[in-house]
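Presented below is the structure to which this report refers.
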Amino acid sequence: MKNFKNVDRLIQGIESIISENRCSLSEEDILLLEECIVEFSNTKIKGSEVKLTQLVKLSELFLRVFMDENTFKQVADLFKF
């Protein structure tokens with residue numbers, strides 16, 4: 001139950017970022033943030049803990065929103081094995 005409250009707070013925070021749009025988000029940024037909401041909602045629906053693969057995917061989505069493309073590619077290259 002506590003995990004779901006945390007997930008709800010994350011979803012609300014992302015929705016707040018989208019609705020306030022203080023950062024002048026692009027359409028692509030908004031779509032990525034909406035994808036994060038879907039991922040968190042799916043976790044909640046399944047009633048399971050957030051898995052490492054989901055955290056990696058969500059982290060990637062957030063990084064794509066808040067980093068320019070070149071910086072993102074550099075960071076992503078650090079994690080390629």
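Between atom CZ of residue Phe40 and atom CD1 of residue Ile11 there is a gap of 7.5 Å, rounded to the nearest 0.5 Å. Interatomic distance, SG of Cys36 versus CD1 of Ile17, reported as 9.5 Å (0.5 Å rounding). Rounded to the nearest 0.5 angstrom, Ile37 CD1 and Asn42 CG are separated by 12.0 Å. Rounding to the nearest 0.5 Å gives a distance of 9.5 Å between CG of Asp8 and CD of Glu15.
Looking at residues two or more places apart in sequence or on another chain, you find a salt bridge (Lys or Arg N to Asp or Glu O under 4.0 Å) between Glu35 and Lys57. Leu31 meets the side-chain contact (heavy atoms from CB on, under 4.5 Å) test with Glu34; sequence neighbours excluded. With sequence neighbours left out, the side chain to side chain donor-acceptor pair (under 3.5 Å) criterion links Ser19 to no other residue.
Nearest heavy atom pair, residue Leu33 against residue Ile14, reads O-CG2, 3.6 Å.
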